[in-house]
2 protein chains.
Amino acid sequence: MTALPIAAVERDTGIPKDTLRVWERRYAFPLPLRDDKGERLYPIEQVEKLRLLRRLLDQGHRPGSIVSAPAEALAALLEPTGHMGGESSNAAIDPLIDLVRMHRNAELRAALQQHAVKLGLQRFVAELVAPLSQAIGEAWLRGDIGVAEEHLFTEQVQNLLRSSINSLGPSARSPRILMTTVPGEEHILGLLMVEATLAPEGVQCISLGAQTPVADIAQAARDGQFDIVAVSFSAAFPARQAFLALEQLRNALPVGISLWAGGAALNGKRKRIDNVRQIDRLDALLDALAEWRQTN
Amino acid sequence: MTALPIAAVERDTGIPKDTLRVWERRYAFPLPLRDDKGERLYPIEQVEKLRLLRRLLDQGHRPGSIVSAPAEALAALLEPTGHMGGESSNAAIDPLIDLVRMHRNAELRAALQQHAVKLGLQRFVAELVAPLSQAIGEAWLRGDIGVAEEHLFTEQVQNLLRSSINSLGPSARSPRILMTTVPGEEHILGLLMVEATLAPEGVQCISLGAQTPVADIAQAARDGQFDIVAVSFSAAFPARQAFLALEQLRNALPVGISLWAGGAALNGKRKRIDNVRQIDRLDALLDALAEWRQTN
DNA sequence: TTCATATCTTTGTCCTGGACAAATTAGAAT
DNA sequence: ATTCTAATTTGTCCAGGACAAAGATATGAA
């Protein structure tokens, strides 16, 4: 298990095969071994450096300047971003991150539960879950926490949110909202935050989970007589693809059904698509809802 | 939106780019349009036929005999599998499938809830959820239900199971089990069924959700001082890759930590891997647990 | 200075056509 | 029937070229 074929590297690092090959050609890294058929075999250390590179690219670095740099130099690049612009307006967050980092699972669960009860579902999501998951994402970029810790956190929050939403019982008021993500976007925390924000307002939220093909979203929206389709894009999702998917979805959807889009991938962008409501923050959701209810 | 580039088709159909191109070369299908740069643009009808092909391949058909066949002939191939060998030993299942198919969301939720209360969590999973999700999978293969309906069902069951498990409260008894899936396997219903079966026995189940890289699974298992790592493989996951991943994971894991594997991908297979406990059925889980507790 | 516009560079993705081993099927022999 | 062998099918990989979109840099106007 000291070397992986190219397909495994693509899966583990998220870097497409084509890109791996072209990097090798251009930057002389990675330089995999070859098996007896002449196929690439990436030693585990190179795969680890590739994971590091992916993080640095997400941070804004450019391939030309980092891919061929030695691994030690790269590690140094991660730190400086450190605690950039102490944006943590909420003192409750840092201790929670520590719990995640130290695998204190039971305590994390208890702490989250406590906050949820204290704040109520909507404020819990807006004031705690949203900034916390952003902070976790940044910590992951920085390399402060690992994949497993991030997964653990996501699962805990998911359990809590799903239980809370479930305990609200079914809603009957309009609008009916169909929520999902497009293929390639597997993160659903954003959707759950949306649902947790809207469900207490009596909205009928129905989630399809992650990665529904565009055609099927449109079909389901028609069949289920939904008023609104809402999709979310995490920070990891390439903005360009997000706009492409939104355009496709808008065209596939009848004019009578609204399309709402949100998530970190879209936030800073000015680009707009006709008849797509882009929602920058969680609290803008409630505005959008009020607007819809006034109009319809 | 009448034609998609090759990357979008790969994402929507799950058929790799390389395969799409080689099919075109060999079977003269798909035959996409070309944009002004000479790049492939797949008309929506061809993409739909590709989705159909994917289902037929999963059913056991071979590309050479179906890829170049006309779309109408393919539709016919789906039916014969029809209601093969009325295996539904449980009369409660068919009505539930109808609810899924007809988008009767609220009723589905209520019906599931009712069954769960009536049977108790463990029997609910073993006698209802397991055969139901198998039936849903078969109906999807057959084309009786769409992607959206399947997602809807999965979400509902997930909500219910997560809430139920959550309401059990934390366990303190041994063993400690770390559960997850490997990269490429995104289905987690299997994991939830395992958790729902074991949690009432006082086992400490911790889930990392889907797609944790092998190295991170091993790391997390060590860091968290787990006794057992459990991974699941859905029917859609290629058996060959499953065994490969299991071998890698077994090697990455200390000998003191047991590795349990289960799921439809492994069921019929005779192949075994040393020191990996393959679990064929849900009730075999409880045997494995009893065995572990006796030994440790 | 700051902002907008034009030009150059970088970078990811797509292309063709060839190759090969693993998986499957067909055929032969026990 | 079952096991073994040969032929065929099929997915994935490779090289190396191409190009447009995104990013960086330079130039000019307010």
*Quick one: A:Glu24 CD to C:dT11 P, roughly how many Å, whole number?*
17 Å
_Taking the nucleotide of DNA chain D with the nearest heavy atom to each, does B:Leu57 or A:Arg25 sit closer to the 5' end?_
B:Leu57
*Got a second to check how far A:Leu41's CG is from A:Asp36's CG, nearest 0.5 Å?*
9.0 Å
*asked:* So if I apply the side-chain contact (heavy atoms from CB on, under 4.5 Å) rule between B:Leu266 and each of B:Leu246, B:Val276, B:Asp280, B:Ile279, which one comes out positive?
replied: B:Leu246
*asked:* Has A:Glu186 got a side-chain atom pairing as donor or acceptor with A:Ala210's backbone, closer than 3.5 angstrom?
replied: no
*A:Asp35 CG to D:dT12 P: how many Å, rounded?*
16 Å
*asked:* Rounding to an integer number of Å, can you tell me how far A:Leu20 CG sits from D:dC14 C1'?
replied: 14 Å
_Taking 4.0 Å as the cut-off, does a side-chain nitrogen or oxygen of A:Arg40 come that near to OP1 or OP2 on D:dC14?_
yes
*Kindly compute the distance separating NZ (A:Lys49) from OH (A:Tyr42), expressed to the nearest 0.5 Å.*
13.0 Å
_Would the distance check show the side chain of A:Lys17 and the main-chain N or O of A:Val9 forming a donor-acceptor pair, the cut-off being under 3.5 Å?_
no
_Just to be sure I understand the rule, does B:Arg21 reach a base, reach only the sugar-phosphate, or reach nothing, if contact means heavy atoms closer than 4.0 Å?_
base
*asked:* Could you tell me how far apart B:Phe243 (CZ) and C:dA22 (C1') are, to the nearest whole angstrom?
replied: 16 Å
*Are OP1 or OP2 of C:dT10 and a side-chain N or O of A:Tyr27 less than 4.0 angstrom apart?*
no
*asked:* For B:Thr13, is there any backbone N or O sitting under 3.5 Å from a side-chain donor or acceptor partner on B:Arg54?
replied: yes
_I want to verify a distance call: between C:dT13, D:dT12, C:dT11, whose nearest atom is closest to the A:Pro16 side chain?_
C:dT13
*asked:* Distance check needed: C:dC15 C1' versus B:Asp36 CG, whole Å only.
replied: 15 Å
*What is the distance from CG of B:Leu53 to P of D:dG11, rounded to the nearest Å?*
11 Å
*Within this structure, what is the NZ-to-P distance between B:Lys17 and C:dG12, rounded to whole angstrom?*
14 Å
*When you check the side-chain N and O atoms of B:Glu185 and B:Ser234, is any donor under 3.5 Å from an acceptor?*
yes
Using a cut-off of under 3.5 Å, enumerate the N/O to N/O pairs linking the protein to nucleotides 5-8 of chain D.
none

*Go through D:dC14, D:dA21, C:dC15 for me and flag the one nearest to the B:Lys37 side chain.*
D:dA21
*Grab the CG-P distance between B:Leu244 and C:dA23 for me, whole Å please.*
10 Å
*asked:* Taking the nucleotide of DNA chain C with the nearest heavy atom to each, does B:Leu41 or B:Arg26 sit closer to the 5' end?
replied: B:Leu41
_Quick check for you: among D:dC14, D:dT10, C:dT13, whose closest atom lies nearest to any side-chain atom of A:Asp18?_
C:dT13
*asked:* Measuring to OP1 and OP2 of D:dT10, would you say a side-chain N or O of B:Thr19 lies under 4.0 angstrom away?
replied: no
_Sidechain-backbone polar pair: B:Thr181 side chain, B:Gln211 backbone, donor-acceptor under 3.5 Å_ = yes
*The side chain of A:Ile6 lies closest to which of these nucleotides: D:dG11, D:dC13, C:dC15?*
D:dC13
